[in-house]
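Take a look at the structure below.
Heavy-atom basis, side chains included; hydrogens, waters and symmetry copies ignored. What you see is a predicted model, and the numbers here were worked out from it, not measured in a lab.
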Amino acid sequence: MKLRVVITVAIIAILYLVSGPRQLGGPATYVTTFGISMEPGINAGDLVIAKAAETYEIGETVAYPSEILGGQTVLHRIVDETPEGFVTQGDNNDWEDRDRPTTDEIYGKQWLHIPQGGVWLNRLAQPAAVGGIVFLLLIWSILAVQPAHRPRRLRRRTLGAVPHKPSVKSGSELPSYPRRGE
């Protein structure tokens, strides 16, 4: 197997183990923000990657499915903890959320924030972009597996007699060879 293929597979595996989406069995939840509840720190169209943790603390921004919003993922800050669960609130909101997610219900806490990353992620999810990405990956895999083209080297024949080449000295005539059909 070529080194380039091994390196490519290793990079993809590491990226998946570190930031693979939860929907595909990975450890991260990708949240594209749509509202203004987390402004000024997180704006509409931003991408936040949240990773699961053993514990969550007051002050951390977490992603969880909101029962009030029909299971939609919400990204808000923990402002308090009660026996029923965590109290969350958007940074730009004057009210606390009615949901009380527990540690088991929280998808994860903010790990990475990419301004306007959600806009680009949504563009990449369009069918034409997915097709282009699949096409490029296919080409990459074909090129990675196929050997690079190397010009053929001419080898001298080692069996049999080596034909004698007449040497031409300056001032002498070139030997004439019969033409076809003569």
Side-chain angles (χ1 to χ4, degrees), residues 1 3-138 140-141 144:
M1 207 179 225
L3 182 61
R4 185 169 46 173
V5 173
V6 172
I7 291 171
T8 301
V9 169
I11 289 171
I12 291 171
I14 290 169
L15 285 173
Y16 175 78
L17 290 173
V18 171
S19 62
R22 177 181 50 81
Q23 295 86 339
L24 299 176
T29 299
Y30 288 66
V31 181
T32 299
T33 55
F34 294 101
I36 60 169
S37 67
M38 289 300 289
E39 286 185 352
I42 299 172
N43 299 299
D46 289 358
L47 174 67
V48 173
I49 300 175
K51 289 184 76 173
E54 294 288 324
T55 60
Y56 299 98
E57 299 176 11
I58 294 173
E60 292 178 327
T61 302
V62 295
Y64 66 91
S66 170
E67 289 182 24
I68 305 297
L69 299 175
Q72 181 178 347
T73 301
V74 172
L75 184 75
H76 281 169
R77 189 171 310 279
I78 296 174
V79 294
D80 198 5
E81 187 173 0
T82 67
E84 295 84 36
F86 293 104
V87 179
T88 59
Q89 179 179 346
D91 291 351
N92 196 31
N93 292 347
D94 294 334
W95 62 91
E96 295 175 346
D97 300 334
R98 289 190 288 163
D99 293 307
R100 296 290 182 257
T102 63
T103 300
D104 294 338
E105 295 171 327
I106 294 176
Y107 293 146
K109 63 182 174 183
Q110 180 179 333
W111 176 62
L112 185 63
H113 172 224
I114 303 169
Q116 294 302 296
V119 173
W120 288 102
L121 187 63
N122 287 336
R123 287 180 184 161
L124 288 175
Q126 298 300 314
V130 171
I133 291 168
V134 168
F135 176 75
L136 290 175
L137 288 173
L138 232 135
W140 172 259
S141 65

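For the side-chain contact (heavy atoms from CB on, under 4.5 Å) criterion with V74, the lone passing option out of V31, I68, L69 is L69.
With a 4.5 Å cut-off on side-chain heavy atoms, E60 and Q110 do not count as touching. Using a 4.5 Å heavy-atom threshold, the side chains of Y64 and D99 count as touching.
Here NE2 of H76 is found 8.0 Å from CG of D91. Values are rounded to the nearest 0.5 Å. To the nearest 0.5 angstrom, L112 atom CG is 7.5 Å from L47 atom CG. A distance of 5.0 Å separates CZ of F86 from CD1 of I106, quoted to the nearest 0.5 Å. Note: E105 CD to E67 CD = 6.0 Å, rounded to the nearest 0.5 Å. Q89 CD to R77 CZ: the interatomic distance, rounded to the nearest 0.5 Å, is 10.0 Å. With rounding to the nearest 0.5 angstrom, the CG atom of D97 is 9.0 Å from the CH2 atom of W95.
Minimum interatomic distance between T33 and I42 (heavy atoms only, all atoms of both residues): CG2-CG2, 3.6 Å. Of all heavy-atom pairs between T102 and G85, the closest is CG2-CA, 4.4 Å. What you find for K51 and A28 is that their closest heavy atoms are CG-CB, 4.3 Å. For the residue pair T88 and P101, the shortest heavy atom distance occurs at CG2-CG, 4.2 Å. When all heavy atoms are compared, the tightest approach of T55 to K109 is O-NZ, 4.5 Å. Pairing each heavy atom of T103 with each of E54, the nearest pair is CG2-O, 3.7 Å.
The main-chain N or O of E39 is never found under 3.5 Å from a side-chain atom of N43 such that the two would form a donor-acceptor pair.
Counting non-hydrogen atoms of other residues, nucleotides and ligands closer than 6.0 Å to CD of E81 gives a total above 12.
Side chain to side chain, Y107 and T73 fail the donor-acceptor criterion of an N or O pair below 3.5 Å.
With sequence neighbours excluded, the residues that form a side-chain contact (heavy atoms from CB on, under 4.5 Å) with Q116 are D46, V119.
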Next item on the list: Run the numbers on Y30 and T32 for side-chain contact (heavy atoms from CB on, under 4.5 Å), then give the verdict.
Entry: CA-CA 7 Å; Y30 288 66; T32 299; over 6 Å; no
